[in-house]
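One structure is given below, encoded as structure tokens.
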There are 2 protein chains.
Amino acid sequence: MEPTIRDVARLAGVSKSTVSRVLNNDPKVSDRAKGAVGDAMRELDYRPNALARGLSTSRTGTIGLIMSDITNPFHAEVARGVEDLAADYESNVILCNTDGRPTKEQAYIDLLLEKRVDGVIFLSAKMDESDVSMLQARQVPFVFAGRTLLDVEADSVVVDSVLGGFQATNHLIGLGHRRIAHISGPARVSASADRYEGYCQALRRAGIFIDPDLVADGDFRHDRGYRAMNQLLDRTTGMTAVFAGSDYMALGALEAIYERGLKAPDDIAVVGFDDISFARLHLVQLTTVAQPKYDIGAIAARMLLERIGDPSADRPPQKVVLPPKLVIRRTCGDYLGPRDFDSETHRGDSQ
Amino acid sequence: MEPTIRDVARLAGVSKSTVSRVLNNDPKVSDRAKGAVGDAMRELDYRPNALARGLSTSRTGTIGLIMSDITNPFHAEVARGVEDLAADYESNVILCNTDGRPTKEQAYIDLLLEKRVDGVIFLSAKMDESDVSMLQARQVPFVFAGRTLLDVEADSVVVDSVLGGFQATNHLIGLGHRRIAHISGPARVSASADRYEGYCQALRRAGIFIDPDLVADGDFRHDRGYRAMNQLLDRTTGMTAVFAGSDYMALGALEAIYERGLKAPDDIAVVGFDDISFARLHLVQLTTVAQPKYDIGAIAARMLLERIGDPSADRPPQKVVLPPKLVIRRTCGDYLGPRDFDSETHRGDSQ
DNA sequence: ATGAAAGCGCTAACAG
DNA sequence: CTGTTAGCGCTTTCAT
């Protein structure tokens, strides 16, 4: 059997309480006792039972991470940030893949509640539908990473997608493009709408007409990017650039472009969104709007763990907005107009 | 406060034991009692406390997943398999990123032991150094996914890397290539040695001299693939194909090839290993040896959970070897020689 | 079929 | 500074 606090106590010649005290390094224990207990622990290779401890403290040192799919590189990166920070706080994270299905999400929430996690982080994409009511009822803190639920009071950390869309589009405008297409993300996802909004803002500011024919619906995924680009190529004329709502779609768009014997950036300039690791490959060299993926996770985790740290401090929900960053690579081509200086600045930023 | 078994008992007018019995659906409870308890649970929105339960049963329904980095697409895919299967067994998985550092790994093992996980899955890459002695001492079952520890008796699931290396090289030989280079994986990783061994076997079988000048050292990563390819290009002559130990390195190799104005497959055919999602992109179309990533995780998890299921059954450690699968795409070019039929077969296999 | 009671391993007042 | 005593919420004999 595993040694318990009791065995340690007996071996060290003290009471369980004393052992417990050194375990939680209570200042008021004599050095003598501390030493004896330490020796005993080492000798027995004692390891406190987190279950028992959790049962009496009702803190488990575990948080849940609910996301649609860890296989998505973007999510994986965020998860990494969460995990690293949790480790700093001596907490563990339980992985929950929901595939975006509410049923699965609900089942996981139930499980996490049974395990008495200290809190949970939501990383799914949909802007509605998360049933956090159970968490609220049980007073389990939670934070949203990468999105917010408008009608729910909760911590959240997001990146400014409107700004990102603006940067991407504005960069294209700065390069001299006027007929700029957009391949949007899935409906019902706030990031989609925001990126489109940024696109519109940039166009408007430049006094460019927003042509509905220039926007095609996508869903963030590769295939739809490919199809959307083909539609655009078929239906519009004079298009010289496209801003895709995600890198995957931008990749799909590039394929469609190449398939027609066109070239990027010469014929069509392409800008993506996310900066997944493959965008960086020389083979691809995709200009894109980078999201601070790791930081999204790390900050979300920190917010959560801090709140767990002192539940008494009844601070209001915080909303952290992180800035995206334009990363200029090959697929958008070189600067054409007179504002070369600006362009250089951007380029500098991105390195 | 959270409702407990006691509250349920009181409300249902039965004893705690009875409630516990329906919780574990013990057959010998009257329907009457079962109904009353069920009602009470629903009314109170009762949710059993997994900590308390774990404390008395010493089963937590949680397993640990130790890997170097979830951000690696290959690992993420395996993790997904693990998680899905754990969910089927109503277990949760705790994510542990070690970055390959033994210190971190050790710290995590300690933590998992404190949390009293039912078992752990190792997914790191190094073939030595895992300190599983603590797990053995505590009788905590564990399995290795993607590798084995030679001197440790444990379950493991791996793919036949020798066969994979053979398939890749043999395919190239079938296409008429004779001077085939290899970019190896990191030393100390069994998969590296195995893939190289497969390469040698194929060459030997075809009666082709194994030229040391044709093999360059890599580390599975992109940059090293790029550098290794450049070295090969500089130092050797007549090379018409290269088998890279990983897709990332193959991608790097392709870059080096393109940079010199050469083409794949026309000038140099390239085959990778892993079949990460990007290999499939039209932009890349990398011929590669696919590993059943998801299955590796799923099978490892199933083995572990089955063993946890009945610890009494003292079955000997199992070693599952999964077959890799050659996926033929663009970077290896078309079949040149007379054995067109063979080639078609391969192509059929891969779809 | 059901209840009473003793634990599981730890923490947390409360005395001293 | 240290020990005693109750729990934390569940399972599990052992009676009945």
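Bear in mind the structure is a predicted one, so any value in this text is a computation, not a measurement. Chain A is the first sequence line, chain B the second, and so forth, proteins listed ahead of strands; every chain is numbered from 1.
Taking atom CZ on A/Arg59 and atom P on C/dG9, their separation rounds to 23 Å, with Å as the unit. The CG atom of A/Asn25 sits 13 Å away from the P atom of C/dA12 (whole-angstrom rounding). If you measure from atom CD1 of B/Ile5 to atom P of D/dC8, you get 14 Å, rounded to the nearest angstrom. What separates OH of B/Tyr46 from C1' of D/dG9 is a distance of 7 Å, to the nearest Å. For B/Leu55 and C/dA6, the CG to P distance is 18 Å, given to the nearest whole Å. Between the CG atom of A/Asp26 and the P atom of C/dT11 there is a distance of 11 Å, given to the nearest Å. Between B/Leu51 atom CG and C/dT11 atom P there is a gap of 13 Å when expressed in whole angstrom units. Atoms CE (A/Met41) and P (C/dC10) sit 9 Å apart, rounded to a whole Å.
Phosphate contact (OP1/OP2 of C/dG9, side-chain N/O of A/Arg6, threshold under 4.0 Å): absent. The side chain of B/Ser15 contributes no N or O atom lying less than 4.0 Å from OP1 or OP2 of C/dT2.
Between B/Arg47 and B/Asp45 there is a salt bridge, since at least one side-chain N of the basic residue sits less than 4.0 Å from a carboxylate O of the acidic one. Using a 4.0 Å cut-off between charged side-chain N and carboxylate O, A/Asp99 and A/Lys104 make a salt bridge. Between B/Glu2 and A/Arg116 there is a salt bridge, since a side-chain N of the basic residue sits under 4.0 Å from a carboxylate O of the acidic one.
Ranking C/dC8, C/dC10, D/dC10 by closeness to the B/Asn49 side chain, first place goes to D/dC10. Nearest to the side chain of A/Ser56, among D/dT11, C/dT11, C/dG9, sits C/dT11. Side-chain atoms of A/Val29 lie closest to D/dT2 of the nucleotides D/dT12, C/dC8, D/dT2. Considering only the side chain of B/Thr18, C/dG3 comes nearest among C/dC10, C/dG3, D/dC10. Looking at the side chain of A/Ser30, the nearest of the listed nucleotides C/dT2, D/dC1, C/dG9 is D/dC1. Comparing D/dT2, C/dT2, D/dG9 against the side chain of A/Lys28 picks out D/dT2 as the nearest.
The one candidate from B/Ile66, B/Asn72, B/Leu65 that meets the side-chain contact (heavy atoms from CB on, under 4.5 Å) condition with B/Leu123 is B/Leu65.
Minimum interatomic distance between A/Val140 and A/Gly119 (heavy atoms only, all atoms of both residues): CG1-CA, 3.7 Å. Of all the heavy atoms in B/Arg307 and B/Pro316, the pair that sits closest is NH2-O, 3.4 Å.
If you check every strand for non-hydrogen atoms under 4.0 Å, A/Thr57 touches sugar and phosphate atoms only. Counting any heavy atom pair closer than 4.0 Å across all strands shown, B/Ser17 reaches a base atom. Backbone-only engagement by A/Val14 is indicated by non-hydrogen atom pairs under 4.0 Å involving sugar-phosphate atoms exclusively. Among the protein residues, A/Thr4 comes within range of the sugar-phosphate backbone only, with heavy atoms under 4.0 Å from sugar or phosphate atoms but none that close to a base. Among the atoms of the strands shown, none is found under 4.0 Å from any heavy atom of B/Ala50.
Donor-acceptor pairing under 3.5 Å, judged by distance alone, is present between the side chain of B/Arg21 and the base of C/dG3.
Position along DNA chain C of the nearest nucleotide to B/Arg116 versus B/Gly13 favours B/Gly13 as the more 5'-ward residue.
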